[in-house]
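Just the heavy atoms: all of them, side chains too, but no hydrogens, waters or symmetry mates, feed the values below.
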Amino acid sequence: RRQRQMCIREAVIEMGLMDDNPQIRQYCAKFLGDIGNRNSIKVLENVIKNKTDFEKEYVIRACVLSLDKLYFKYKIK
């Protein structure tokens, strides 16, 4: 049950990366890095890969910092 709750929580946070409010996207990106789930790597990479010219720099920076945490945790280069 606890594992399922964690998956649901992370799915909701990942959905927050598509919110209209850039601050919500920023905080969701930071939180995914703090949670430290390996599955979040692809989601964060996709945000960076598919960024538009209108995306706020601080959202992208939050994604990059979270990815750095996750890459370090899982020893990914």
Side-chain angles (χ1 to χ4, degrees):
R1 179 172 162 89
R2 181 163 168 77
Q3 182 67 24
R4 182 173 176 207
Q5 287 176 333
M6 289 178 61
C7 290
I8 292 170
R9 177 184 66 182
E10 290 162 9
V12 170
I13 296 167
E14 288 173 2
M15 286 175 25
L17 292 172
M18 296 178 275
D19 195 273
D20 290 338
N21 184 329
Q23 283 185 307
I24 298 293
R25 296 193 302 273
Q26 175 193 22
Y27 291 127
C28 288
K30 286 181 178 182
F31 195 50
L32 288 172
D34 291 342
I35 292 172
N37 187 326
R38 188 180 187 114
N39 296 331
S40 298
I41 292 173
K42 283 206 181 302
V43 175
L44 291 165
E45 287 175 338
N46 284 335
V47 171
I48 295 170
K49 179 179 150 190
N50 298 320
K51 75 175 183 157
T52 65
D53 292 337
F54 302 105
E55 184 59 271
K56 300 290 185 189
E57 184 60 35
Y58 59 86
V59 175
I60 300 302
R61 196 170 336 128
C63 290
V64 169
L65 291 173
S66 289
L67 281 170
D68 285 345
K69 283 183 183 180
L70 295 170
Y71 291 159
F72 181 77
K73 179 177 181 176
Y74 294 106
K75 297 174 179 47
I76 298 171
K77 293 183 179 186

Could you measure the distance from the CD atom of Gln26 to the CD atom of Glu57? Nearest 0.5 Å is fine. 11.0 Å
Let me see the working for Leu70 and Ser40 under side chain to side chain contact (heavy atoms under 4.5 Å, CB included), right down to the final yes or no. CA-CA 8 Å; Leu70 295 170; Ser40 298; 4.2 Å; yes
Residue pair Arg9, Ile35: steps toward the side chain to side chain contact (heavy atoms under 4.5 Å, CB included) verdict: CA-CA 10 Å; Arg9 177 184 66 182; Ile35 292 172; 4.1 Å; yes
Taking Tyr71 for its side chain and Ile41 for its backbone only, find out whether a donor-acceptor pair lies under 3.5 Å. no
Provide the closest heavy-atom pair for Pro22 versus Val59 in the form atom of the first, atom of the second, distance. O-CG2, 3.3 Å
Determine, stepwise, if the pair Lys73 / Lys69 fulfils side chain to side chain contact (heavy atoms under 4.5 Å, CB included). CA-CA 6 Å; Lys73 179 177 181 176; Lys69 283 183 183 180; over 6 Å; no
What is the minimum heavy-atom distance between Gly16 and Ile24, and which atoms define it? O-CG2, 3.9 Å
Kindly work out whether a path of hydrophobic side-chain contacts (I/L/V/M/F/W/Y, heavy atoms less than 4.5 Å apart) joins Ile76 to Leu65. no
In the single-linkage hydrophobic clustering (I, L, V, M, F, W, Y; side-chain heavy atoms under 4.5 Å), do Val64 and Phe72 co-cluster? no
Distance, nearest 0.5 Å, that separates NZ of Lys30 from CZ of Arg61: 9.0 Å
Between CD of Glu10 and CZ of Phe31, what distance do you get to the nearest 0.5 Å? 8.5 Å
Start with the C-alpha distance between Leu32 and Leu17, add both sets of side-chain angles, then the distance that settles side chain to side chain contact (heavy atoms under 4.5 Å, CB included), and finish with yes or no. CA-CA 10 Å; Leu32 288 172; Leu17 292 172; 3.7 Å; yes
Output for pair (Glu45 CD, Leu67 CG), nearest 0.5 Å, gives 5.5 Å
Heavy-atom closest pair, residues Leu44 and Cys63: CD2-SG, 3.9 Å
Whether the side chain of Arg25 engages the backbone of Asp20 through a donor-acceptor N/O pair (distance < 3.5 Å, no angle test) should be reported. yes
Starting from Val43, can I reach Tyr27 by hopping between I/L/V/M/F/W/Y residues whose side chains sit under 4.5 Å apart? no
